[in-house]
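These notes concern the structure reproduced below.
In this text, all values refer to a predicted model and were calculated from it rather than measured experimentally. As the structure lists them, so they are numbered: ligands from 1, and atoms in each ligand from 1.
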Amino acid sequence: MAKPRKVIVTCACTGAIHTPSMSPYLPVTPEEIIADAIGAAEAGAAILHLHARNPETGKPDQTPEGFARFLPQIKQQTSSAINITTGGSPYMRVEERVLPAATFKPEVASLNMGSINFGLFPMLDRYKEFKHDWEREALEGSRDLVFRNSFKDIEYILTTCYENETRFEFECYDIAHLYNLKHFLDRGLVKPPLFIQSVFGILGGIGTHPEDVMHMKRTADRLFGDQYRWSVLGAGAAQLRIAAMAASMGANVRVGLEDSLWIGPGELAKSSAEQVRMARQILEGMGLELATPDEAREILELKG
Ligand SMILES: C[C@H](N)CC(=O)CC(=O)O
Ligand SMILES: [Zn+2]
């Protein structure tokens with residue numbers, strides 16, 4: 001009887017896209033981010049993808065000080081690998097975005113593999129009332145928002161973090177981003193195993209149709225062969241459907257309130273841990289097992 005495949009579950013706890021008025025369960029303060037991260041780790045998340053926010057307004061905060069308010073506590077209370085965002089908010093410039101990862105030298109940091117239109121404005125159809133002006137401005141402004149990740153920006157993050165032995169979660173929102181990653185592999189600026197996080201369902205990137213998932217996997221197989229470890233995230237209501245579909249094709253999965261506020265149709269998730277538990281149920285139901293943090297470190301060759 002073949003041993004069950006180990007699946008790495010990444011949990012993205014708060015992000016920079018959703019805003020406080022969208023859900024009372026979105027972690028905003030350092031205490032809330034710590035509680036959500038620890039809960040997700042206890043539920044089975046081997047990797048914690050983290051963003052910081054202004055505790056009062058919930059506005060994305062990409063200062064090292066912002067991360068220092070919760071990182072030590074999370075590191076103390078869990079053995080999950082820390083993954084610090086270099087995406088920050090799509091409104092930020094790369095010099096600001098790279099600072100926390102450059103400062104804290106985490107095991108993992110996200111790296112967005114290309115520029116995309118980042119369409120958040122359709123959320124204005126659902127959300128009418130906002131506690132803070134920046135929330136509506138961020139959604140409305142996204143009609144003209146390009147999440148900039150030029151080749152120069154990507155190389156800047158790669159070289160800035162190179163000495164730290166930080167490995168990257170290569171966020172690929174479209175097929176072109178896989179080719180961009182191949183370009184950096186061919187130049188020796190990234191080294192296998194490549195942890196590829198395919199992002200499905202962001203307006204401006206690839207959709208959430210099964211053929212989109214197949215196309216991402218087929219292209220990654222062709223470009224990287226056994227040099228990559230595949231993971232997927234589905235935005236919004238597609239989160240668990242994408243996770244189940246791709247896991248049946250060999251993928252690792254990412255969940256968490258950064259990527260979706262929901263646990264079911266019209267039902268808000270009360271924590272990221274709820275989504276991790278649901279993902280665990282689905283994965284174990286498929287005869288798979290969740291990788292422990294140390295098993296994830298081995299699979300991804302993290303510095304530990
Ligand atoms: C769709 C996700 N918000 C992508 C993300 O997590 C980007 C980053 O932090 O670098
Ligand atoms: Zn993120």
| query | Is Ser272 reaching over with its side chain to a backbone N or O of Gly256, donor-acceptor style, under 3.5 angstrom? | reply | no

| Presence of salt bridge, Arg167 and Glu107, under 4.0 angstrom | no

| field | Ligand-residue contact atoms, ligand 1 with Gly87, heavy atoms, under 4.0 Å | value | 8 (C), 10 (O)

| request: With heavy atoms of Arg254 as the reference, note each atom of ligand 1 found under 4.0 Å away. | output: 2 (C), 4 (C), 5 (C), 6 (O)

| So does Lys191 pair up with Glu301, basic N to acidic O under 4.0 Å? | no

| request: Examine His51 against ligand 1 and note whether any of their N/O atoms are separated by less than 3.5 Å. | output: yes

| request: Taking the six-membered ring for Trp and the single ring otherwise, decide whether the centroids of His51 and Phe67 are under 6.0 Å apart. | output: no

| query | What residue and atom, counting heavy atoms only, is the protein's closest point to atom 3 (N) of ligand 1, and at what distance? | reply | Glu258 OE2, 2.9 Å

| note | The protein N, O or S atoms lying under 2.8 Å from the Zn ion (ligand 2) are His49 NE2, His51 NE2, Glu258 OE2

| said: What protein heavy atom lies closest to atom 4 (C) of ligand 1? Include the residue and the distance to one decimal. | reply: Tyr173 OH, 3.2 Å

| message | Can you list everything that forms a side-chain hydrogen bond (donor to acceptor under 3.5 Å, both in side chains) with Asp221? Sequence neighbours excluded, please. | response | Lys217, Tyr228

| query | Hey, is Asn112 touching ligand 1 through its side chain, its backbone, both or neither, going by heavy atoms under 4.0 Å? | reply | side chain

| Proximity flag His49 to ligand 1, non-hydrogen atoms under 4.0 Å | yes

| query | Nearest to atom 10 (O) of ligand 1, what protein heavy atom do you find, and at what distance? | reply | Ser110 OG, 2.7 Å

| message | Taking the basic N atoms (NZ, or NE/NH1/NH2) and the acidic carboxylate oxygens, is any pair closer than 4.0 Å for Lys303 and Glu165? | response | no

| said: With a 3.5 Å distance limit and no angle check, can you tell me whether Ser142 reaches the backbone of Phe121 through a side-chain donor-acceptor pair? | reply: yes

| message | At under 4.0 Å between heavy atoms, is it the side chain or the backbone of His18 that contacts ligand 1, or both, or neither? | response | neither

| message | What I want to know is whether Asp259 and ligand 1 share at least one N or O pair that is separated by under 3.5 angstrom. | response | no

| query | Is Arg97 in contact with ligand 1, taking contact as a heavy-atom separation below 4.0 Å? | reply | no

| query | Do the rings of Phe168 and Phe170 sit parallel, tilted or perpendicular, given the 30° and 60° boundaries? | reply | tilted

| Parallel, tilted or perpendicular, as decided by the 30° and 60° cut-offs, for the rings of Phe184 and Phe151 | tilted

| Should Arg254 and Glu171 count as an ion pair when the cut-off is N to O under 4.0 Å? | yes

| query | Would a 4.5 Å heavy-atom cut-off, applied to side chains only, mark Leu240 and Met278 as touching? | reply | yes

| Any nitrogen or oxygen of Leu233, main chain or side chain, under 3.5 Å from a nitrogen or oxygen of ligand 1? | no

| message | Among all protein heavy atoms in this structure, tell me which lies nearest to atom 8 (C) of ligand 1, with the distance rounded to 0.1 Å. | response | Thr85 OG1, 3.3 Å

| field | Lys59, NZ: over 12 other non-hydrogen atoms inside 6.0 angstrom | value | no

